[in-house]
There are 2 protein chains.
Amino acid sequence: MGSLADSMEDYLKKLLSLSASGCIDIKRKELAGKFMCVPSQVNYVLETRFTLEKGFSVESKRGGKGFVRIRKLDLSAENLLSMILQDIMDAQMSESSARGMIHRLYELKYISFRESRLMETTLNSLQIVQDVTLRNSLTGLLLRDMLLMLIKYNF
Amino acid sequence: MGSLADSMEDYLKKLLSLSASGCIDIKRKELAGKFMCVPSQVNYVLETRFTLEKGFSVESKRGGKGFVRIRKLDLSAENLLSMILQDIMDAQMSESSARGMIHRLYELKYISFRESRLMETTLNSLQIVQDVTLRNSLTGLLLRDMLLMLIKYNF
DNA sequence: TTATCTTTGACCTTCTCTGACCTTTACTAA
DNA sequence: TTAGTAAAGGTCAGAGAAGGTCAAAGATAA
């Protein structure tokens, strides 16, 4: 069976999916109690599973009436396009930002899972290019062209 | 008589064939214990017998509640992808034959139109690689990895 | 005998989980 | 008001639990 962290992740995601607003408030200590672990374990789960990268935002308040609020972000199309535009404008497209972009495109359902894997596979294969400069330009070029293609054939 | 590696291979393949999902999770240390060998021997078996080329995918997670997951991929003979795979397994590939292959895959409905465009875009971008040998190896590698990916994430 | 395949073991990296200690906030008694 | 206190939540380093790597030694096959 999965780790405690995994179950806690599942539990929170289930709560989130059941909530109409895509937002839940929890008590750190209560949650820890329910899972019979130390409160800081909750932070561990939040830091590893509910990151911005993964499409969540977490805010909290300390002290009496404190809480931890978890939100499922739904990135708007405008946000995404502006981000991508920026990435493309920046001449240098690092491999990691390329991967981030691919992931976001998938999350937003602009590309299918297979398409995202196809794009990532390309990045992987490029790793055998020794010349870093060549590899980086290839990465940028590839992402750009793929995006243009996707846009052309109707996003 | 067979080596330890051979028996371990047989054992794992039997487990796989008994599993309805074609997927098993094992504990590296436990398996090593069962065969009275060091844990790294398990890695040796996985690396030599359960490769992507041989139709398996292996993923794992470290740390507490870690695991090694072995999947049997569909590489059956009637699978066109696997036949194509044989052709290009270790060879270089010219751009034109790569394009032909992509087109065939599309015609046979193994890939969508967008997917075919994505793959072709990659070939286009590779054109900036001057060194023909490098370019052809990259082309072969890319096609191969893309096919393996398509097989891995199964239809 | 040489080349290839197996096996081992020392050392490494990643992931989880815990506990001690810190900071912030609401409330309340002076 | 203000100072103090209790009740949250936050941080961080370290321990423990997997799995991974690599090179060298030991077998086997050609």
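Below, read A as the first sequence line, B as the second, and so on, with proteins coming before strands; counting in each chain starts at 1. These numbers come from the heavy atoms of this one structure, side chains and all, not from hydrogens, waters or symmetry mates.
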Contact letters for nucleotides 19-30 of chain C, in which S counts primed atoms plus P, OP1 and OP2 and B counts the base, heavy atoms under 4.0 Å:
B---BBBSS---
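- By the salt bridge (charged side-chain N to carboxylate O under 4.0 Å, His left out) test, B/Glu30 is found to be paired with no residue, residues two or more places apart in sequence or in another chain being considered.
- The interatomic distance linking A/Ile70 (CD1) with D/dG9 (P) rounds to 12 Å, in whole Å.
- Legend: residues meeting side chain to side chain contact (heavy atoms under 4.5 Å, CB included) with A/Lys54, ordered by chain and number and at least two apart, are A/Thr51, A/Phe56.
- Side chains of B/Asn136 and B/Thr139: no donor on one and acceptor on the other come within 3.5 Å.
- The distance between atom CE of B/Met8 and atom C1' of C/dC5, rounded to the nearest whole Å, is 15 Å.
- Considering only residues two or more places apart in sequence or on other chains, B/Ser96 meets the side chain to side chain contact (heavy atoms under 4.5 Å, CB included) condition with B/Ser94.
- Closest to the A/Ser60 side chain, of the nucleotides D/dT21, D/dG9, C/dT6, is D/dG9.
- Residues B/Arg114 and A/Ile111 form a side-chain contact, since some pair of their non-hydrogen atoms from C-beta on lies under 4.5 Å apart.
- In terms of phosphate contacts, A/Arg49 brings a side-chain nitrogen or oxygen within less than 4.0 Å of OP1 or OP2 of C/dT16.
- As rounded to whole Å, 12 Å separates atom P of C/dC17 from atom CD of A/Glu9.
- Residues that satisfy the side chain to side chain contact (heavy atoms under 4.5 Å, CB included) test with B/Ser7, not counting sequence neighbours, are B/Phe35.
- In this structure, the CG atom of B/Asn43 is 12 Å from the C1' atom of D/dA18, given to the nearest Å.
- For B/Tyr44, there are no ring-ring contact (aromatic ring centres under 6.0 Å, His included) partners two or more places apart in sequence or in a different chain.
- DNA chain D lies under 4.0 Å from at least one heavy atom of each of the following residues of residues 28-35 of chain B: B/Arg28, B/Lys29.
- One can place CG of B/Leu4 at 12 Å from P of D/dT28, the figure rounded to the nearest angstrom.
- With sequence neighbours excluded, the residues that form a side chain to side chain contact (heavy atoms under 4.5 Å, CB included) with B/Ser60 are B/Val68.
- Proximity of A/Tyr44 to the phosphate of C/dT16: a side-chain N or O atom is located under 4.0 Å from OP1 or OP2.
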Would you list the atom pairs, donor with acceptor, under 3.5 Å between side chains in residues 9-16 of chain B and any protein atom, with sequence neighbours excluded?
| unit_1 | atom_1 | unit_2 | atom_2 | d |
| --- | --- | --- | --- | --- |
| B/Glu9 | OE1 | B/Arg49 | NE | 3.1 |
| B/Glu9 | OE2 | B/Lys13 | NZ | 2.7 |
| B/Tyr11 | OH | B/Lys34 | NZ | 3.4 |

Distances under 3.5 Å between protein N/O atoms and the N/O atoms of nucleotides 23-25 of chain D, please, pair by pair.
none

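- Note on B/Arg69: nothing from the nucleic acid sits closer than 4.0 angstrom, heavy atoms only.
- Applying the salt bridge (charged side-chain N to carboxylate O under 4.0 Å, His left out) criterion to B/Arg135, with sequence neighbours excluded, gives no partner residue.
- Nucleotide D/dG9 holds its C1' atom 17 Å from the CZ atom of A/Phe50, rounded to whole Å.
- Summary of the strand contacts: A/Thr48 and B/Met36 both lie near DNA chain C, and taking for each the nucleotide with the nearest heavy atom, the more 5' one is attributed to B/Met36.
- Annotation: salt bridge (charged side-chain N to carboxylate O under 4.0 Å, His left out) contacts involving residues 19-28 of chain A, sequence neighbours excluded, comprise A/Asp25-A/Arg69.
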